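Basis for what follows: all heavy atoms, side chains included, without hydrogens, waters or symmetry-related copies. None of the values given here were measured: they were computed from a predicted structure.
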Amino acid sequence: MLSTQNFPLVGPNQAKTPWKKTLMNFRVIYGIPASGSEPLFMQCPRSPNYGTITMRDRSKNRKPLQRGRVSYEAIHTVQALKRAKNDPAKLSRVFETQVRRLVKSDLVAVLRELQDQGEGILSLRVFEDFRSEYWYKPQVSVYAGLVAVLGSNGLFEEIELLISYLKKEDLTPDTEGFNTLLKTLMEFHIFHSAMECFHLMKVVGCEPNEVTFRTLINGFELHGRTGLADIIREEAVKYFGDSLEFLEESEVNSTEQV
């Protein structure tokens, strides 16, 4: 038996058993009215050792679960895609039940995460869904990233498919984006696509700059494609005249970095 000395009596009603005394104390502490009597906080003052308990609406401060800048929804989707990538039926279900239900920020995060993890085919599949969204706006830099991950996996036919998508896009001038794309294509020796993209950038009203010509001319010459280098050099003369000293800058910069 528990000693009654451990349960001091409170309120006008004297409890005869320890558990009743405990209940009485609990009601006093939290200000709960006793049945058939006035509120207990009026019968007995609160102890200074107890603070006021208040509740707040947690929903006002609730934030999406995240790991760094990637939400858990995006992480789970990436994991599901990787598990299902060798099973077409399972992969289709993942797209239907997870990928196509993601908000824009999560879908973008999934695409970036797949690229970072070197998942070329999955990146392309997600990008194809990406293009069907109402909010989609084509960016050449996104294409450049996809070319990089596809090229690193030796998926050159898929790069050809990707470039065919690019040529159908309603592009806005983006010299920096095109320069990144051209550099990536040259790194993987996809020279004909590099020429196509060079002409495409002019069609969409994007002015080639020194970086554009330096990337192409030096790249073609480095790989023995002198004919293509001469074509681009002629174009460079139209923009910068006969003096193309900027072509030597890449060699100087490389030497300084070493």
Side-chain angles (χ1 to χ4, degrees), residues 58-172 174 176-194 196-197 200-201 204:
R58 292 185 178 183
S59 63
K60 293 181 179 179
N61 296 325
R62 186 170 297 164
K63 297 179 181 180
L65 296 175
Q66 293 184 339
R67 186 192 70 179
R69 295 185 179 180
V70 183
S71 72
Y72 282 116
E73 288 81 1
I75 294 171
H76 293 160
T77 301
V78 169
Q79 293 171 342
L81 286 168
K82 292 176 67 176
R83 286 194 298 267
K85 65 181 179 180
N86 295 321
D87 188 325
K90 289 183 179 179
L91 188 59
S92 295
R93 283 197 296 272
V94 172
F95 271 90
E96 289 294 334
T97 60
Q98 291 182 249
V99 175
R100 289 168 189 155
R101 295 184 180 183
L102 293 174
V103 297
K104 177 182 178 180
S105 58
D106 284 343
L107 187 56
V108 171
V110 167
L111 179 59
R112 289 176 177 171
E113 190 70 16
L114 289 171
Q115 289 178 252
D116 289 343
Q117 296 185 25
E119 295 289 344
I121 291 295
L122 288 178
S123 296
L124 181 59
R125 284 289 305 275
V126 170
F127 178 68
E128 289 172 339
D129 265 45
F130 195 92
R131 293 180 70 229
S132 67
E133 295 289 344
Y134 72 92
W135 42 258
Y136 170 73
K137 293 182 180 179
Q139 293 181 304
V140 182
S141 58
V142 173
Y143 276 88
L146 287 164
V147 168
V149 70
L150 290 171
S152 63
N153 284 276
L155 300 171
F156 298 108
E157 291 185 4
E158 284 73 13
I159 291 178
E160 294 294 329
L161 177 63
L162 190 65
I163 298 302
S164 72
Y165 293 160
L166 178 63
K167 291 189 288 188
K168 297 175 183 177
E169 300 279 27
D170 183 16
L171 299 171
T172 56
D174 179 9
E176 183 177 352
F178 268 106
N179 286 343
T180 302
L181 176 60
L182 292 171
K183 180 180 178 180
T184 305
L185 290 169
M186 296 297 288
E187 287 176 351
F188 290 105
H189 306 172
I190 312 175
F191 303 129
H192 60 285
S193 292
E196 289 179 342
C197 290
L200 178 62
M201 71 183 296
V204 301

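Aromatic pair Phe127/Tyr165: ring centres not closer than 6.0 Å.
Side-chain contact between Ile75 and Glu113: absent, with no pair of heavy atoms (C-beta onward) separated by less than 4.5 Å. Val78 places a side-chain heavy atom less than 4.5 Å from the side chain of Lys82. By the 4.5 Å heavy-atom criterion applied to side chains, Asp170 and Lys137 are not counted as neighbours. The side-chain heavy atoms of Val110 and Leu81, taken from C-beta on, include a pair separated by under 4.5 Å. Considering only heavy atoms from C-beta on, Ser123 comes within 4.5 Å of Leu111 through its side chain. A 4.5 Å side-chain heavy-atom check between Leu200 and Leu171 finds at least one atom pair inside the cut-off. Contact of the Val140 side chain with the Thr180 side chain is not registered, since no non-hydrogen atoms from C-beta on lie closer than 4.5 Å.
A donor-acceptor contact shorter than 3.5 Å links the side chain of Ser152 to the backbone of Val149. A donor-acceptor pair under 3.5 Å links the side-chain atoms of Asp87 to the main chain of Ala89, judged by distance alone.
In this structure, CG on Leu102 lies 12.0 Å from NE2 on His76, to the nearest 0.5 angstrom. Atom CD of Gln98 is separated from atom CZ of Arg93 by 11.0 Å, given to the nearest 0.5 angstrom. In this structure, the separation between CD on Glu169 and CD on Gln139 is 10.5 Å, given to the nearest 0.5 Å. The CG atom of Asn86 sits 11.0 Å away from atom CD1 of Ile121, with the distance rounded to the nearest 0.5 Å. Distance check, rounded to the nearest 0.5 Å: CG of Leu181 to OH of Tyr143 gives 10.0 Å.
Here salt bridge (charged side-chain N to carboxylate O under 4.0 Å, His left out) pairs that include residues 147-168, with residues two or more places apart or in two chains, are Lys167-Glu196. The list of salt bridge (charged side-chain N to carboxylate O under 4.0 Å, His left out) pairs with a residue in residues 94-108, not counting sequence neighbours, reads Glu96-Arg100, Arg100-Asp129.
Side-chain contact, Gln115 with Glu119: no donor N or O sits under 3.5 Å from an acceptor N or O.
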> Does the pair Val108 and Arg112 meet the rule for a side chain to side chain contact (heavy atoms under 4.5 Å, CB included), with working shown?
Replying inline: CA-CA 6 Å; Val108 171; Arg112 289 176 177 171; 3.6 Å; yes
>> One pair to check against side chain to side chain contact (heavy atoms under 4.5 Å, CB included): Thr172 and Val204. What are the steps and the verdict?
In response: CA-CA 7 Å; Thr172 56; Val204 301; over 6 Å; no
>> Before you tell me yes or no, could you show the steps for Cys197 and Leu185 under side chain to side chain contact (heavy atoms under 4.5 Å, CB included), namely the whole-Å CA-CA distance, both residues' side-chain angles and the distance that decides it to 0.1 Å?
In response: CA-CA 9 Å; Cys197 290; Leu185 290 169; 3.8 Å; yes
>> The test is side chain to side chain contact (heavy atoms under 4.5 Å, CB included); show your working for Met201 and Leu182 and say whether it passes.
In response: CA-CA 10 Å; Met201 71 183 296; Leu182 292 171; 4.1 Å; yes
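Shown here for Ile159 and Val147, the closest heavy-atom pair between the two residues is CD1-O, 3.8 Å. In plain terms, the two heavy atoms of Ala84 and Val94 that are nearest each other are CB-CG2, 4.0 Å.
For Tyr136, the ring-ring contact (aromatic ring centres under 6.0 Å, His included) partners two or more places apart in sequence, or in a different chain, are Phe130. Not a single ring-ring contact (aromatic ring centres under 6.0 Å, His included) links Phe178 to another residue, sequence neighbours left out. Residues satisfying the side chain to side chain contact (heavy atoms under 4.5 Å, CB included) criterion with Phe191, sequence neighbours excluded, are Met186, His189, Phe220, His223, Arg225, Leu228. Here Ala148 pairs with Thr184 under the side chain to side chain contact (heavy atoms under 4.5 Å, CB included) rule; sequence neighbours left out.
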